[in-house]
Amino acid sequence: MIEARHLRVLRAVATTGSFSAAGRELGCTQPAVSQQMKALEAAVGTPLLVRAGREMRLTQAGDALVRHATGILAGLTAAEEEIAAIAGLRAGRVRLVSFPSGSSTLVPTALAALRAAHPGTRVSLEEAEPPRSVELLRQGDCDVALAFRYEGAADAGEWEDLVVRPLLTDRLVGLVPERHRLARAGSVAIGELAGDPWIAGCPRCRGQLVQVCEGAGFTPRIDFATDDYPAVVGLVGAGLGVAVLPQLAVESVRPRGARTVELEPAVRREIVALTLPDLAQVPAVAATLEELVRAGAR
């Protein structure tokens with residue numbers, strides 16, 4: 001018989017590469033991890049791990065079991081949460097992952113409303129940009145992920161296996177120093193910024209920036225790159241370059257020394273909340289999704 005606790009330990013070993021590191025992650029000892037792996041191998045009747053130097057590597061059977069473990073553990077979590085809610089034994093628990101500009105705009109509004117309606121529901125928040133946030137969801141390490149993708153993206157089918165709740169469409173705006181020649185322009189064609197140095201954001205945003213600029217006939221000279229939106233605003237405000245930011249990001253910071261300008265042609269990104277099909281049936285997760293949808297409509 002394969003036990004859920006053994007699957008969690010196997011996944012931890014596969015992720016960390018050793019029994020000792022898995023033990024630290026799970027809060028148990030290295031011998032305990034080793035014993036549980038022996039029990040799991042005895043249950044399935046074949047080796048799941050082999051030692052390669054100082055690391056433990058998965059056998060073909062181990063790799064197959066880890067792939068199935070994510071769905072199994074997610075299903076068990078869904079079952080535990082739904083049963084607990086039906087039985088009234090405890091309130092729900094939701095692990096939320098969001099990208100930074102969503103964390104500072106959509107998430108506070110949604111969680112305040114959720115707490116007012118369901119004061120016993122506990123929500124934890126972790127920050128990660130897509131595609132990492134989506135990976136965490138598929139790995140069973142969160143219950144709801146806020147993510148985004150740009151209009152016309154080639155990977156339009158990347159969320160086909162997930163429950164997708166659209167929240168809003170976020171338009172990108174240009175950010176220039178307040179003494180920039182285009183600071184008081186009503187709208188700016190991105191090609192007009194071709195000669196300026198650029199400050200770029202997260203890897204996905206950076207890739208979109210390069211794609212849009214190349215579509216306008218130039219390659220941006222990126223002098224600085226940072227995932228921290230206040231840092232982007234600060235660098236622009238200091239006159240060190242120009243940037244393109246989502247409107248949500250601009251709303252979350254005070255752009256001192258910088259001005260926003262409307263970009264033409266418009267560049268937009270779709271903001272969504274994602275979860276696994278099994279988890280969508282969990283009352284606490286469903287309530288969180290509903291509040292995120294309401295926050296996006298405000």
Side-chain angles (χ1 to χ4, degrees), residues 1-16 21-28 32-33 36-37 39-40 43-44 48 58 62-99 102-103 107 110-111 114-115 117-128 130-147 158-165 167 272-293:
M1 179 182 294
I2 299 176
E3 299 185 26
R5 62 192 177 99
H6 292 157
L7 292 179
R8 291 189 177 96
V9 173
L10 175 64
R11 192 175 66 178
V13 174
T15 301
T16 63
R24 287 192 296 271
E25 181 177 298
L26 298 170
C28 59
V33 172
Q36 293 200 49
M37 286 300 88
L40 179 56
V44 298
L48 301 173
L58 295 170
D63 182 66
L65 190 54
V66 167
R67 282 189 283 105
H68 286 288
T70 297
I72 292 169
L73 294 174
L76 286 174
T77 299
E80 290 168 356
E81 294 291 345
E82 186 169 0
I83 291 168
I86 292 171
L89 297 177
R90 58 182 175 84
R93 174 182 59 85
V94 180
R95 298 166 298 166
L96 174 64
V97 171
S98 172
F99 53 92
S103 298
V107 171
L111 296 192
L114 183 68
R115 176 172 290 184
H118 307 283
T121 299
R122 296 180 292 112
V123 180
S124 62
L125 174 63
E126 181 180 342
E127 286 193 342
R132 177 57 182 158
S133 57
V134 183
E135 291 173 3
L136 290 171
L137 177 64
R138 288 197 173 102
Q139 290 168 2
D141 293 323
C142 72
D143 305 308
V144 176
L146 260 64
E158 63 179 332
W159 301 333
E160 286 184 348
D161 59 323
L162 304 175
V163 174
V164 182
R165 298 296 300 272
L167 303 185
V272 301
L274 306 171
T275 192
L276 296 169
D278 283 342
L279 291 175
Q281 309 304 315
V282 177
V285 172
T288 301
L289 291 173
E290 289 305 317
E291 294 301 344
L292 286 169
V293 170

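In this text the structure is predicted, and so the values were computed from the model without any measurement.
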Donor-acceptor list for residues 278-293 side chains, cut-off 3.5 Å, not counting sequence neighbours:
residue : atom : partner : partner atom : Å
T288    : OG1  : A284    : O            : 2.9
E290    : OE2  : R165    : NH1          : 2.9
E290    : OE2  : R165    : NH2          : 2.9
E291    : OE2  : R294    : NH1          : 3.1

Hey, does P130 have a side-chain heavy atom less than 4.5 Å from the side chain of F99?
yes
Taking salt bridge (Lys or Arg N to Asp or Glu O under 4.0 Å) as the definition, give me every residue that meets it alongside R115, ordered by chain and number, with sequence neighbours left out.
none
Not counting sequence neighbours, which residues clear side chain to side chain contact (heavy atoms under 4.5 Å, CB included) with V107? List them please.
L96, S98, L111, L125, L146
Nearest 0.5 Å, what's the CD-OG distance between E126 and S133?
10.0 Å
Just so I know, are the side chains of L10 and L65 near enough to count as touching, which here means a heavy-atom distance under 4.5 Å?
yes
Is the shortest side-chain heavy-atom distance between V123 and L114 below 4.5 Å?
yes
Given L26 and Q36, is the side-chain contact (heavy atoms from CB on, under 4.5 Å) satisfied, shown in steps?
CA-CA 12 Å; L26 298 170; Q36 293 200 49; over 6 Å; no
Note, L58 side chain near V66 side chain (heavy atom, < 4.5 Å):
yes
Pairs flagged by side chain to side chain donor-acceptor pair (under 3.5 Å) wherever residues 5-16 is involved - sequence neighbours left out
E3-R5
For the residue pair A128 and V97, what are the closest heavy atoms and their distance?
CB-CG1, 3.7 Å
In chain order, what residues pass the side chain to side chain contact (heavy atoms under 4.5 Å, CB included) check against A74, with sequence neighbours excluded?
L276
State which residues pass side chain to side chain contact (heavy atoms under 4.5 Å, CB included) with I72; sequence neighbours excluded, sorted by chain then number.
L7, H68, L76
Kindly give the heavy-atom pair with the smallest separation between A147 and W159, and that separation in Å.
CB-CZ2, 4.0 Å
Tell me which donor-acceptor pairs under 3.5 Å the side chains of residues 134-144 have, and how far apart each pair is, sequence neighbours excluded?
residue : atom : partner : partner atom : Å
E135    : OE1  : R132    : NH1          : 3.3
R138    : NE   : D161    : OD2          : 3.0
R138    : NH2  : E158    : O            : 2.5
R138    : NH2  : D161    : OD1          : 2.7
D143    : OD1  : R95     : NH2          : 3.0
D143    : OD2  : R95     : N            : 2.7
D143    : OD2  : R95     : NE           : 3.3

